[in-house]
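Note that ligands are numbered from 1 as they come in the structure, with each ligand's atoms numbered from 1 the same way. Just so it is clear, the structure is predicted and the values come from calculations on it, not from any experiment.
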Amino acid sequence: MALTLTKLFLFSFLVSSTVLTGNSQPLTSKREKLTRFRVYVQDRIAGSNATVLHVAQAPTTNQSTTSFGLVTVFDDALTVGPEMSSKNVGVVQGTSAFASQSEVALSMSMNFVFTEGKYNRSSLTVVGRNVLSLKVREMPIVGGTGLFRLARGYIQTSTYSLDLKKGLAVLVYDFFVYRY
Ligand SMILES: *[C@@H]1O[C@H](CO)[C@@H](O)[C@H](O)[C@H]1NC(C)=O
Ligand SMILES: *[C@@H]1O[C@H](CO)[C@@H](O)[C@H](O)[C@H]1NC(C)=O
Ligand SMILES: *[C@@H]1O[C@H](CO)[C@@H](O)[C@H](O)[C@H]1NC(C)=O
């Protein structure tokens, strides 16, 4: 079973041998350590409360079976469990471009901003290719801010549920982050 984000944060805090003090010691003189955690993304794809907006498309996008040329912007809630009512731990904001003419594949750029516990206001940036037909998609973590300065790693994501009537997709994101 997935531990809650808070427990994982506590766990990673307890096992870490170094704690960032905010002093002038260079980060890279500290030991890099692996932090793993899971969050759920609440992706409201339709309705008046949509958190994903279609902002642009090409004149040919409507004729494309892969929506080639469509660009969306999103601002989705992060929760510790799959239910929308479960504890909120931040937001993920970014853009997706439907960037393939041969399959439904997104070129994504997103910032995960955390608002809970010791990671409050720290962020992680994920940039990569997301092939929606794959059960598990992987994208690189290219950096971060706050406690995630100089972070690197990867995420694995899959669709937990998709309810077109409600206009809600829930996605699971598993983070594997090396940080100082
Ligand atoms: C949209 O927001 C309103 C007001 O916050 C809320 O009452 C409603 O349940 C929301 N709709 C959905 C589909 O979440
Ligand atoms: C594409 O389809 C959407 C939704 O049906 C419509 O609003 C839009 O006008 C269409 N765009 C073009 C260029 O045909
Ligand atoms: C996160 O930081 C903001 C700004 O400092 C603060 O207002 C908020 O209470 C903090 N949240 C938690 C859960 O610590």
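You'll find the side chain of L162 reaches within 4.5 Å of the side chain of I45, heavy atoms only. Contact check for L53 versus F74: no side-chain heavy atoms found under the 4.5 Å cut-off.
Within the cation-pi definition used here (under 6.0 Å to the ring centroid, within 45° of the axis), R36 does not qualify as a partner of F176.
For atom 13 (C) of ligand 2, the closest heavy atom belonging to the protein is P59 O, 4.0 Å. The nearest heavy-atom contact from the protein to atom 9 (O) of ligand 2 is N62 ND2, 4.8 Å.
Residue N120 places at least one N or O, backbone or side chain, under 3.5 Å from an N or O of ligand 3.
Inspection of the R179 and T35 side chains reveals an N or O donor paired with an N or O acceptor under 3.5 Å.
Near Q57, meaning under 4.0 Å from one of its heavy atoms, ligand 2 places the atoms 1 (C), 11 (N). If you number the atoms of ligand 3 from 1 as listed, the ones under 4.0 Å from a heavy atom of T115 come out as 11 (N), 12 (C), 13 (C).
Atom-to-atom distance recorded for F112:CZ and I141:CD1 is 8.5 Å, nearest 0.5 angstrom.
Aromatic ring orientation, F114 versus F37: perpendicular (interplanar angle above 60°, classes split at 30° and 60°).
For atom 11 (N) of ligand 2, a protein non-hydrogen atom is found at a distance below 4.0 Å. Within 4.0 Å of atom 2 (O) of ligand 2, at least one protein heavy atom is present. Under the 4.0 Å distance rule, the nearest protein heavy atom to atom 7 (O) of ligand 2 falls outside the cut-off.
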